[in-house]
Amino acid sequence: MAYSYDDQNIFARILRGEIPNKTVLETAHTLAFHDINPSAPVHVLVIPKGPYVSFDHFAAAASDAEIVDFHRAAAQVCAQMGVSLEAGEGFRAITNAGAHGVQEVPHYHLHILGGRPMGRMVSR
Ligand code: AMP
């Protein structure tokens, strides 16, 4: 099945400036902002500016520049939020894709969660 990007999704609207966000970091190809419904003391979403649906779409189709920029930005977010292994006690980075991944917003995003022990990765 081909990737099909819905440009009316809420993160596309954030990127177009149609709805506000609490920005943590912005770079050439990447935006990071606070999750509106945080699951941990630190809960930041890192998204590419390009129209990618999911992690696998981004990893397969984005340019080298976008992929490098995204990961450097995510590392900077961890440091800035005080959860990197240099600055703090660690974090969890997760991304959901599609129906089985229980993805709500169909624009690739990496959740950076921290500020407390995050518990087991998935329920059994
Ligand atoms: P996912 O289930 O992985 O697609 O996660 C979507 C995330 O987007 C959830 O954690 C929501 O709380 C978050 N979210 C939805 N709308 C907004 C918004 N306008 N600003 C910031 N975060 C949002």
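Atoms within a ligand are numbered from 1 in the order they appear, just like the ligands themselves.
- Atom numbering of ligand 1 starts at 1 in the shown order; those under 4.0 Å from a heavy atom of H34 are 21 (C).
- In summary, the aromatic rings of H34 and H43 are positioned with their centroids too far apart to meet the 6.0 Å limit.
- Contacts between H111 and ligand 1, counted as non-hydrogen atom pairs separated by less than 4.0 Å, involve the side chain only.
- Closest heavy-atom approach to atom 7 (C) of ligand 1 among the candidates L110, I19, D35, N9: D35.
- Between I10 and ligand 1, not a single N/O pair is under 3.5 Å apart.
- Under 4.0 angstrom from ligand 1, there are no non-hydrogen atoms of N21.
- The aromatic ring centres of Y52 and Y3 sit 6.0 Å or more apart.
- Looking only at heavy atoms of the protein, atom 4 (O) of ligand 1 is closest to E104 N, 2.7 Å.
- Atoms of ligand 1 found under 4.0 Å from any heavy atom of F33, numbered from 1 in the order shown, are 21 (C).
- Below 3.5 Å of separation, one finds an N or O of I36 facing an N or O of ligand 1.
- Applying the ring pair (Phe, Tyr, Trp, His ring centres under 6.0 Å) criterion to H107, with sequence neighbours excluded, gives Y5.
- At least one donor-acceptor pair closer than 3.5 Å links the side chain of Q103 to the backbone N or O of G98.
- Here is the list of ligand 1 atoms found below 4.0 Å of a heavy atom in Q103: 4 (O).
- The ligand atoms of ligand 1 that sit less than 4.0 angstrom from a heavy atom of H109 are 1 (P), 3 (O), 4 (O), 5 (O), 6 (C).
- The main-chain N or O of I67 is never found under 3.5 Å from a side-chain atom of R72 such that the two would form a donor-acceptor pair.
- Checked by atom type and distance alone, the side chain of R116 never pairs as donor or acceptor with a backbone atom of P41 at under 3.5 Å.
- Which parts of ligand 1 touch N96 is read off a 4.0 Å heavy-atom cut-off, strictly below it: atoms 1 (P), 2 (O), 3 (O).
- Proximity to N37 (heavy-atom distance under 4.0 Å) selects the following atoms of ligand 1: 12 (O).
- The number of heavy atoms from other shown groups lying within 6.0 Å of CG (D64) does not exceed 12.
- Using a 4.0 Å cutoff on heavy atoms, K22 does not count as a contact of ligand 1.
- Taking the ring centroids of F11 and F33, they lie under the 6.0 Å cut-off.
- Listed by number with element, the atoms of ligand 1 under 4.0 Å from a non-hydrogen atom of V102 are 2 (O).
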